[in-house]
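Hydrogens, waters and symmetry mates are skipped; everything else that's a heavy atom, side chains included, is used.
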Amino acid sequence: MKNTHPFSRRSFMRLAGIGAGALTLSSVWPAWAKTKPGKKLGIALVGLGGYSSGQLAPALQQTQHCYLAGIVTGTPSKATDWAKKYNIPQNNIYNYQNFDSIKDNPDIDIVYVVLPVSMHKEFTIRAAKAGKHVICEKPMALNVADCLEMINACKKANRMLSIGYRLHFDPYHQEVMRLGQQKVLGALTSLEAANGFRWGSTPTWRLKKAMSGGGSLMDMGIYTIQAARYTTGEEPIAVTAQQEKTRPDLFNEVDETVFFELEFPGGFKAQCKSSYNNNWSSLKATTQRGGFELSPSFYYNGLQGKTTKGPLVYQPMNQQAAQMDNFAQCVALRKPTRVPGEEGLKDMKVIEAIYRSMDNGGRRELV
Ligand code: NAD
């Protein structure tokens with residue numbers, strides 16, 4: 001059962017880092033985030049679709065180290081609505097054509113790219129060249145080569161690059177990292193991760209391979225790859241994958257459901273699956289002396305978890321606010337982010353291997 005008390009001692013201990021390994025106090029939001037001296041950093045959201053409007057802009061009303069300073073949109077009516085709703089000055093509103101002039105705007109410290117995947121590379125590189133630090137949404141890009149270009153462009157411009165991996169800032173996932181990596185209940189003996197939802201019939205860029213790079217694997221499976229990597233604390237060396245299609249007319253360009261096994265050094269194998277046809281959200285581990293699980297596991301909120309020793313109980317928090325506040329602090333203090341471009345690149349290497357395996361079903365080593 002979920003603890004409904006404002007703050008149990010146990011949840012405090014966990015949030016305070018005792019249950020979260022080496023994570024610092026500033027990584028959890030909001031009660032424990034330390035206020036740093038100096039101004040809040042300005043974030044400009046690029047692309048005002050579902051994730052920006054539903055999650056990021058509201059989260060930026062709760063952040064302590066950054067704020068919604070600007071927007072970049074191709075739709076003039078959205079610019080008007082957002083300016084009014086979030087009190088954004090006209091000078092901080094850009095479109096995709098005049099975006100590069102953001103370089104002259106001292107209000108904007110960080111550009112957050114929240115566009116279809118095929119546009120991530122272009123806008124990350126343009127932002128870095130304009131002298132801005134960048135957060136880019138997942139999946140980082142269409143392929144490994146593009147990820148490398150983005151990392152190199154940010155390095156060349158001496159700007160920091162982070163990927164929108166919000167779950168690294170959620171206490172349930174921080175606890176999973178600790179339990180798995182520190183073998184608190186013994187070494188892992190099995191790991192299963194599933195993420196998906198049933199797609200209706202709406203056609204969007206997500207179903208166009210040229211814009212999305214792929215289907216459920218790129219969009220939903222990436223969370224299970226992340227989870228397998230941060231629960232084991234290791235990098236997969238090989239994959240084996242199969243796909244299933246029940247609606248080939250709808251999913252005629254991208255994958256619908258993908259089952260894949262990630263093989264780690266030493267032989268441990270994680271079983272993962274992603275879907276645009278099934279409502280899945282779970283992460284389940286068995287270990288030598290018990291086990292732990294989260295279900296639902298990958299949502300923005302409402303996560304539930306337990307170990308064989310008892311329930312995991314954490315206070316509701318805002319993953320996106322914690323994620324953006326953490327990056328703002330990293331930028332301000334010139335500290336490395338725990339979710340840099342290299343994290344996105346590692347996942348893309350796994351994804352490319354899975355697509356290679358799916359093509360002909362065999363075991364494929366990562367390259
Ligand atoms: P969306 O379709 O709701 O929004 C996309 C935005 O891009 C829209 O504002 C649209 O107008 C704009 N756009 C510009 N050029 C476009 C073009 N040529 N075609 C289509 N749209 C165009 O998508 P979303 O759900 O907001 O996803 C955006 C990004 O955020 C994706 O990379 C997605 O994976 C990521 N995302 C991350 C999470 C998370 O939990 N981290 C959740 C949802 C989405």
Just do the side-chain contact (heavy atoms from CB on, under 4.5 Å) check on V134 and Y112 with the steps written out, would you? CA-CA 6 Å; V134 186; Y112 197 150; over 6 Å; no
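- Here the closest non-hydrogen pair linking I225 and L262 is CA-CD1, 4.3 Å.
- Ion pairing between R338 and E343 fails under the 4.0 Å rule for side-chain N and carboxylate O.
- The two residues F260 and A241 have their closest heavy-atom pair at CB-CB, 3.8 Å.
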Identify all side-chain donor-acceptor contacts of residues 113-121 below 3.5 Å with residues at least two apart in sequence or on another chain.
{"unit_1": "H120", "atom_1": "ND1", "unit_2": "E137", "atom_2": "O", "d": "3.3"}
{"unit_1": "H120", "atom_1": "ND1", "unit_2": "P139", "atom_2": "O", "d": "3.0"}
{"unit_1": "H120", "atom_1": "ND1", "unit_2": "M140", "atom_2": "O", "d": "3.2"}
{"unit_1": "H120", "atom_1": "NE2", "unit_2": "L115", "atom_2": "O", "d": "2.6"}
{"unit_1": "K121", "atom_1": "NZ", "unit_2": "D146", "atom_2": "OD1", "d": "3.2"}
{"unit_1": "K121", "atom_1": "NZ", "unit_2": "E149", "atom_2": "OE2", "d": "3.1"}

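- Using a 4.0 Å cut-off between a side-chain N of Lys or Arg and a carboxylate O of Asp or Glu, E352 and K349 do not qualify as a salt bridge.
- For N87, the CG atom counts as loosely surrounded, since its 6.0 Å shell holds 12 or fewer non-hydrogen atoms of other residues, nucleotides or ligands.
- Looking at F292 and E175, their side chains never come closer than 4.5 Å, going by heavy atoms from C-beta outward.
- Of the possible polar contacts, none joining the T63 side chain to the D325 backbone as a donor-acceptor pair under 3.5 Å is found.
- Look at K346 and E342 and you find no salt bridge, because none of the NZ, NE, NH1 or NH2 atoms lies under 4.0 Å from a carboxylate O.
- A donor-acceptor pair under 3.5 Å links the side-chain atoms of D255 to the main chain of L217, judged by distance alone.
- In summary, of the residues considered (K273, K245, E244), a side-chain contact (heavy atoms from CB on, under 4.5 Å) with T257 occurs for E244 alone.
- Classified by interplanar angle (parallel below 30°, tilted 30° to 60°, perpendicular above 60°), the ring pair Y172/Y314 is perpendicular.
- A salt bridge between D347 and K138 is absent, with no side-chain N of the basic residue lying under 4.0 Å from a carboxylate O of the acidic one.
- Ring to ring, Y223 and Y165 are not that close: their centroids are 6.0 angstrom or more apart.
- Relative orientation of the W199 and F251 rings is perpendicular, given thresholds of 30° and 60° on the angle between their planes.
- Looking at heavy atoms from C-beta onward, Y299 lies in side-chain contact with S281 at the 4.5 angstrom threshold.
- Between D109 and K132 there is no salt bridge, since no side-chain N of the basic residue sits under 4.0 Å from a carboxylate O of the acidic one.
- Side-chain contact annotation: E256 with T246, donor-acceptor N/O pair under 3.5 Å present.
- For K284, the NZ atom counts as loosely surrounded, since its 6.0 Å shell holds 12 or fewer non-hydrogen atoms of other residues, nucleotides or ligands.
- With a 4.5 Å cut-off on side-chain heavy atoms, N278 and R198 do not count as touching.
- No side-chain heavy atom of E261 sits less than 4.5 Å from a side-chain heavy atom of C272.
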Could you list the donor-acceptor pairs under 3.5 angstrom formed by side chains in residues 44-59, with sequence neighbours left out?
{"unit_1": "Y51", "atom_1": "OH", "unit_2": "Q320", "atom_2": "NE2", "d": "3.0"}
{"unit_1": "S52", "atom_1": "OG", "unit_2": "G47", "atom_2": "O", "d": "2.7"}
{"unit_1": "S53", "atom_1": "OG", "unit_2": "G49", "atom_2": "O", "d": "2.7"}

